[in-house]
Amino acid sequence: MSERGGTRPGLVRRLREYVLLYLGLGYLGTICLLWTPFAMVLHPLLPAQAGRRLGRFIINQGFNSYIRFLTLIGACRFDLSALDKLRGQGPLILAPNHPSLLDAVMVISRLPDVACIMKAGLMDNIFLGAGARLARYIRNDSPLRMVGSATRDLSAGSFLLVFPEGTRTTRMPLNPLLSSIGLISRRAKVPVQTIFIETESPYLCKGWPLFRKPEMPVTYRVRLGRRFDPPVSVQPFMAELERYFVAELAGAVLPRPPRGDGGKMSSSTI
């Protein structure tokens, strides 16, 4: 009886967590798919500035509702209040560490008018592509074009979200940083605001299958770090930035990422 009694609550908990997992994924997929046809139609019709403003507003509100939904059903707990201090402070380059696939969602959910550098493949994704194109997110397939587009976006007063590691962390606490963030900061003459994302859970770390269930609730905490002035020279700036990230993350709550695809680096943010 004791064995059966101990097994049943564990089974119920696992079933409940699977239900929460699929509810969360279904919610995000649904809001993305519902917006896709409208974004596809509006992209060629609206002027670039109006499309950018509308696209970013819808993504901000959609991600915010997704975060609220995950909290409501008990799948996740979020402490994102530190990001609210950045409102009205653009233009800024936002530079978080990148333990999880949800990192961009968390940052964008709290701040309006955020540009994002994305993998070129994601710009053609059925769930994300149309909305990202309407919002004038920036492709990473051409480094020179990427830096130029980011500079123009920042000149309009936007936030720019750039993950300095280039991909999700595969070697805790930090992958080697890519120089693109220093190049953009120097060219745009815009400061780099560091952000630190902490979680114990390896959920959606590099190598974590999308439909693999984590232990719930998954807890995330975001805190602000130092703000770096635009560099005169990129390489010393990147060395200083990497030393700072390593020092700040040395005592942070971070997961051990699952074995993935070898951690191949890219210049993407998501």
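Since this is a predicted model, take the numbers as computed values, not measurements. The figures here come from the full heavy-atom set of this structure, side chains too, leaving out hydrogens, waters and symmetry mates.
In this structure, the side chain of Glu198 does not engage the main chain of Val222 through any donor-acceptor pair within 3.5 Å. When atom types are taken as modelled, the side chain of Arg227 and the backbone of Gly225 share no donor-acceptor pair closer than 3.5 angstrom. Between the side chain of Arg133 and the main chain of Met123, a donor-acceptor pair closer than 3.5 Å is present. A distance-only check finds no donor-acceptor pair linking the side chain of Arg110 to the backbone of Asp84 [under 3.5 Å]. Judged purely by atom type and a 3.5 angstrom limit, Arg168 uses its side chain to pair as donor or acceptor with the backbone of Leu204. Without hydrogens or angle criteria, Glu165 side chain to His98 main chain gives a donor-acceptor distance under 3.5 Å. Proximity of a side-chain donor or acceptor of Ser185 to a complementary backbone N or O of Val190 within less than 3.5 Å is detected. The main-chain N or O of Ala135 is found under 3.5 Å from a side-chain atom of Arg56 such that the two form a donor-acceptor pair. Judged purely by atom type and a 3.5 angstrom limit, Thr194 uses its side chain to pair as donor or acceptor with the backbone of Arg226.
Relative ring orientation between Phe228 and Phe237 is described as perpendicular, the plane-to-plane angle rising above 60° on a 0-90° scale split at 30° and 60°.
Hydrophobic clustering of Ile, Leu, Val, Met, Phe, Trp and Tyr side chains at less than 4.5 Å, counting indirect connections, unites Met118 with Leu210. Taken together through direct or relayed side-chain contacts under 4.5 Å among Ile, Leu, Val, Met, Phe, Trp and Tyr, Val105 and Phe57 form parts of separate hydrophobic clusters. A continuous path of hydrophobic side-chain contacts links Tyr244 to Ile181 [ILVMFWY only; heavy atoms under 4.5 Å]. Transitive grouping of hydrophobic side chains (ILVMFWY, heavy atoms separated by less than 4.5 Å) brings Phe211 and Leu128 into a common cluster. Neither Val232 nor Ile184 shares a network with the other; the hydrophobic side chains, linked directly or stepwise wherever heavy atoms of I, L, V, M, F, W or Y lie under 4.5 Å apart, form separate groups for each.
Of all the heavy atoms in Cys205 and Pro99, the pair that sits closest is SG-O, 3.1 Å. In this structure, Ala95 and Val192 approach most closely via the heavy-atom pair CB-CG1, 3.7 Å. Heavy atoms only, all atoms of each residue included: Leu80 and Met106 are closest at CD2-SD, 3.8 Å. Among all heavy-atom pairs drawn from Ala115 and Asp153, the shortest one is CB-OD1, 3.6 Å. When all heavy atoms are compared, the tightest approach of Val107 to Pro96 is CG2-CG, 4.4 Å. The two residues Ser180 and Met146 make their nearest non-hydrogen contact at CB-CE, 3.8 Å.
The distance from atom CG of Asp113 to atom CG of Leu160, rounded to the nearest 0.5 Å, is 10.5 Å. Residue Glu240 holds its CD atom at 12.0 Å from CG of Leu177, rounded to the nearest 0.5 Å. The structure places CG of Leu20 at 5.5 Å from CE of Met216, a figure rounded to the nearest 0.5 Å. Arg53 contributes atom CZ, which lies 10.0 Å from atom OG of Ser158 (distance to the nearest 0.5 angstrom). Atom CG of Leu54 and atom CD1 of Ile58 lie 5.0 Å apart (nearest 0.5 Å). The line from CG of Leu183 to CE of Met238 is 8.5 Å long, rounded to the nearest 0.5 Å.
Ser149 has its side chain within reach of Ile138: a pair of non-hydrogen atoms, C-beta onward, lies under 4.5 Å apart. Between Tyr137 and Ile59 the shortest side-chain heavy-atom distance falls below 4.5 Å. Two residues are said to be in side-chain contact when any heavy atoms from C-beta on lie closer than 4.5 Å; Tyr203 and Cys76 fail this criterion. The shortest side-chain heavy-atom distance between Pro173 and Glu248 does not fall under the 4.5 Å cut-off. Put simply, the side chain of Tyr66 does not reach to within 4.5 Å of the side chain of Ser109, judged on heavy atoms. At least one side-chain heavy atom of Thr167 sits less than 4.5 Å from a side-chain heavy atom of Asn175. Between Pro191 and Gln193 there is no side-chain heavy-atom pair separated by less than 4.5 Å. Counting only heavy atoms from C-beta outward, the side chains of Ser201 and Glu215 never approach each other to under 4.5 Å.
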Table please: side-chain donor-acceptor pairs of residues 24-44 below 3.5 Å, with sequence neighbours left out.
residue : atom : partner : partner atom : Å
Tyr27   : OH   : Ser65   : OG           : 3.2
Thr30   : OG1  : Gly26   : O            : 2.7
Thr36   : OG1  : Cys32   : O            : 2.8
Thr36   : OG1  : Ile126  : O            : 3.3

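Under a cutoff of 6.0 Å and an axis angle of 45°, Arg14 and Tyr18 do not form a cation-pi pair.
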Q) Can you check side chain to side chain contact (heavy atoms under 4.5 Å, CB included) on Val253 and Thr219, steps first, answer last? A) CA-CA 10 Å; Val253 177; Thr219 301; over 6 Å; no
Q: Kindly indicate, with the supporting measurements, whether the criterion side chain to side chain contact (heavy atoms under 4.5 Å, CB included) is fulfilled by Leu161 and Leu111.
A: CA-CA 11 Å; Leu161 177 60; Leu111 295 171; over 6 Å; no
Q.
Set out, in order, the CA-CA distance, both residues' side-chain angles and the distance that settles side chain to side chain contact (heavy atoms under 4.5 Å, CB included) for Leu224 and Ile195, then state yes or no.
A. CA-CA 5 Å; Leu224 300 182; Ile195 297 172; 4.1 Å; yes
Q) Given Leu83 and Leu94, is the side chain to side chain contact (heavy atoms under 4.5 Å, CB included) satisfied, shown in steps? A) CA-CA 10 Å; Leu83 294 170; Leu94 309 177; over 6 Å; no
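No more than 12 heavy atoms of other residues, nucleotides or ligands shown are found within 6.0 angstrom of CZ on Phe127. Applying the 6.0 Å contact sphere to CD of Gln89 captures more than 12 heavy atoms from other residues, nucleotides or ligands.
The list of salt bridge (charged side-chain N to carboxylate O under 4.0 Å, His left out) pairs with a residue in residues 139-150, not counting sequence neighbours, reads Asp124-Arg139, Arg139-Asp141.
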